[in-house]
Protein chains: 2
Amino acid sequence: MTSTLKTNRIYEGDCIAILESLPEKSVDMIFADPPYNLQLGGDLTRPDNSRVDGVDDAWDKFASFEAYDAFSRRWLTAARRVLKDDGTLWVIGSYHNIYRVGAMLQDMGFWMLNDVVWRKTNPMPNFRGRRFTNAHETLLWVSKHEDSKYTFNYEALKELNEGIQMRSDWTLPLCTGSERLKDADGHKVHPTQKPEALLYRVLLSSTKPGDVVLDPFFGTGTTGAVAKKLGRKWIGIERDKAYIEAARARIAAVEEVKDLSLLATPSKRSEPRVPFGTVIERGLLKAGDVLYDPRGRAVARVKADGTIIAEEHKGSIHKVGAAIQNAPSCNGWTFWHFKAGDQMVSIDVLRQKLRGEMAGAGLN
Amino acid sequence: MTSTLKTNRIYEGDCIAILESLPEKSVDMIFADPPYNLQLGGDLTRPDNSRVDGVDDAWDKFASFEAYDAFSRRWLTAARRVLKDDGTLWVIGSYHNIYRVGAMLQDMGFWMLNDVVWRKTNPMPNFRGRRFTNAHETLLWVSKHEDSKYTFNYEALKELNEGIQMRSDWTLPLCTGSERLKDADGHKVHPTQKPEALLYRVLLSSTKPGDVVLDPFFGTGTTGAVAKKLGRKWIGIERDKAYIEAARARIAAVEEVKDLSLLATPSKRSEPRVPFGTVIERGLLKAGDVLYDPRGRAVARVKADGTIIAEEHKGSIHKVGAAIQNAPSCNGWTFWHFKAGDQMVSIDVLRQKLRGEMAGAGLN
DNA sequence: TTACCCGATGAATCGCCGC
DNA sequence: TGCGGCGATTCATCGGGTA
């Protein structure tokens, strides 16, 4: 129950038993691609283990949904225990199972952050022409609690999307070609191997380098392979020996990125705070200097204690900036400017200068 | 309980009571846009400090998931009774409610035909940068029984989609501009009016001319307006007098459409935008790889988030390319190259490869 | 007349830290 | 645990006004 957590390895066996053997609140993120085939013969039993009589169709289906729900509740409960309070969980599925899983997640206290649609560029067509081409799968992204401080690398995803914030619909091809693992006979090793690009986006968005990512339905190890590429620790759980063997070889062949700085996805939010007073203290501005709003009207004077005065307002750069604009809030760093020669320069430049010095001195 | 069915009219009142007063098995299709149970917290402001006009109507307030589920079960039970055995039901929702509704539909014996994603071309951004842009809503399309002989106009939908099978993801804009109903003061009449293009696809795909379409949450009557255009009979149920009044006027002004080809929503001709990050995500380049300028000097390294680093410059391929050349702008796709053996190859080759995949699927 | 600029707005579960 | 301060945050589209 309280073993230490060994990472970068595959645990062989039933995911529920193994999850229950791992230390609680030890994992930063869980990615799960659970089975959704409701026609599994062995699973067609009622919760009380009585066999389902195949004569009554309606009851048969009800029983199989119940069995699936019971299975889902067990692995989700075990997964929730292992997840850190500020961790998140991803589950991928199709219309056969995802609505049941989604409702259960909400009932268990998970908090929905997004549902994400994987739009397939190359889905299998609907041969009989009786329905719309089933061209997408759904991922649910949930935090453990409503008020969790979850990880979301907003800036990184925005960069990945060339400057526009990432949307909840992701257009990606199926896993085919050389990425698709084949056995010696040329048959695919796993029936539903996920594309690495999908996991790349999942891991880049919701984990930090060094985080521990767990996949309770590891299959052929796409999660592990991408985690290794991105400098994340990983844990896989899988009961099929053939999948495990394929996953081990696959992950062993992945090269780690040597320069960890290339994996960093810095955000403004994580940069150290610099009080405006430090700017005065360090002599970059001095008491009596004049600050201007973006339109260049002279409006505020700097005081020795790092507050400013404008018209009848006094206080912090943020508070006065908000008051001047009659707005509920204001980022004073970007609002206020000073004159350097003829140029109007944002005081944020001064903050950047101080941050640069702090980083140079190994501080943070 | 067994009144005759009057069509092309709005029933004023509670949808459950009215559904229970209609004859059973009398309706060919039901389209339902129920309250989403958004559970919105406090105010939300945009970066420019303007306030977002969120959905705060009383009809979307529920005390708990249990209360919402009880409401859903009641209207779905009433709707199921009214639906013909070979009829189908559509429900639209967001992640707040659709997983609960989907699971309940399955539990009630409805048979899932498709889940369809309405991919919004112009969704509201995520103003706080805390999640993925919530850029889609989900429609569930279900038959009353597993073996229903439901209507699906495969050929018509294929025509509507320029000869390609209609997929389960529909790319359509929000209802804005002149289509959006406004009151005398210019305020929107209904907070969540759906675009007619969405209803075209729904009605065209799953009903025949002359069929009876019922909408238990009629609002301002998009379903009725489109039904009239397409020569379907319609029944609306709505309890808000202001919505009813707007819907009556709107539908009265509708003329039947004879040429269905006018309803096609042409795909964009422009080439799909491919962010450089996609090249990394798809493994065509990886973090740590080196990019060269056209003269072949080693100059930039690729980061995991699709930015690059060269000398002291970091940012997008375009921004860094411009900085290196001390130019105002730069097309990074043509400027940067990678080594393939001895050859220097433009990264634009990689973009063309990705574009080809997307274009092949008719995506954008 | 046309081109450009600016403001408005859409089903949204939209902070974090320290005192 | 609550409160207040710091300071971070937007894309596509439409319509009206101006050059």
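Convention: sequence-line order gives letters A, B, ...; per-chain numbering from 1. Below, all heavy atoms of this structure are taken into account, side chains as well, without hydrogens, waters or symmetry copies.
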Tell me if dT10(D) is syn or anti. Syn = glycosidic torsion within 90° of 0, anti otherwise.
anti
Does K149(A) put a side-chain nitrogen or oxygen below 4.0 Å from OP1 or OP2 of dG15(C)?
no
Quick test of your reading: applying salt bridge (charged side-chain N to carboxylate O under 4.0 Å, His left out), list the pairs with at least one residue in residues 120-142 of chain B, sequence neighbours left out, ordered by first then second residue.
K120(B)-E137(B)
Has N331(A) got a side-chain N or O lying under 4.0 Å from the OP1 or OP2 atom of dA8(D)?
yes
Expected list for residues 239-247 of chain B near DNA chain C, using heavy atoms below 4.0 Å, is none
DNA chain C: stems of at least 3 consecutive Watson-Crick or G-U pairs, cut-off 3.5 Å?
C:2-10 with D:11-19, C:15-19 with D:2-6
With a cut-off of under 6.0 Å to the ring centre and 45° to the axis, is R119(A) in cation-pi contact with W170(A)?
no
Crowded around R239(B) CZ? As in, over 12 foreign heavy atoms under 6.0 Å?
no
Run the ring pair (Phe, Tyr, Trp, His ring centres under 6.0 Å) test against H337(A) and tell me which residues pass, sequence neighbours left out.
none
F276(B): what forms a ring pair (Phe, Tyr, Trp, His ring centres under 6.0 Å) with it, not counting sequence neighbours?
W333(B)
Got a list of side-chain donor-acceptor pairs under 3.5 Å for residues 314-321 of chain A, not counting sequence neighbours?
from, atom 1, to, atom 2, distance (Å)
S316(A), OG, H318(A), N, 3.4
S316(A), OG, K319(A), N, 3.0
H318(A), ND1, G332(A), N, 2.9

Hits for side chain to side chain contact (heavy atoms under 4.5 Å, CB included) against A225(B), two or more places apart or cross-chain, chain-then-number order -> E196(B), R250(B), I251(B), V254(B)
Within the structure shown, what part of the strands sits under 4.0 Å from R51(B) by heavy-atom distance: base, sugar-phosphate, or nothing?
nothing
Below 4.0 angstrom from OP1 or OP2 of dG5(D), is there any side-chain N or O of H318(A)?
no
dT13(C) P sits how many Å from M112(A) CE, rounded?
11 Å
Describe the nucleic acid contact of T133(B) in one word from base, sugar-phosphate, nothing, applying a heavy-atom distance below 4.0 Å.
nothing
Under the side chain to side chain contact (heavy atoms under 4.5 Å, CB included) test, residues paired with R46(B) that sit two or more places apart:
D48(B), S50(B), V52(B), F127(B)
Using a 4.0 Å cut-off on heavy atoms, which residues in residues 157-164 of chain A reach DNA chain D? List them by number, or say none.
K158(A), G163(A), I164(A)
By salt bridge (Lys or Arg N to Asp or Glu O under 4.0 Å), which residues pair with D53(B), not counting sequence neighbours?
K188(B)
At under 4.0 Å between heavy atoms, which parts of nucleotides 7-12 of chain C does protein reach? Answer with one letter per nucleotide, 5' to 3': B base, S sugar-phosphate only, - none.
--BBBB
Residue set satisfying side chain to side chain contact (heavy atoms under 4.5 Å, CB included) with R273(A), at least two apart, ordered chain then number -> none
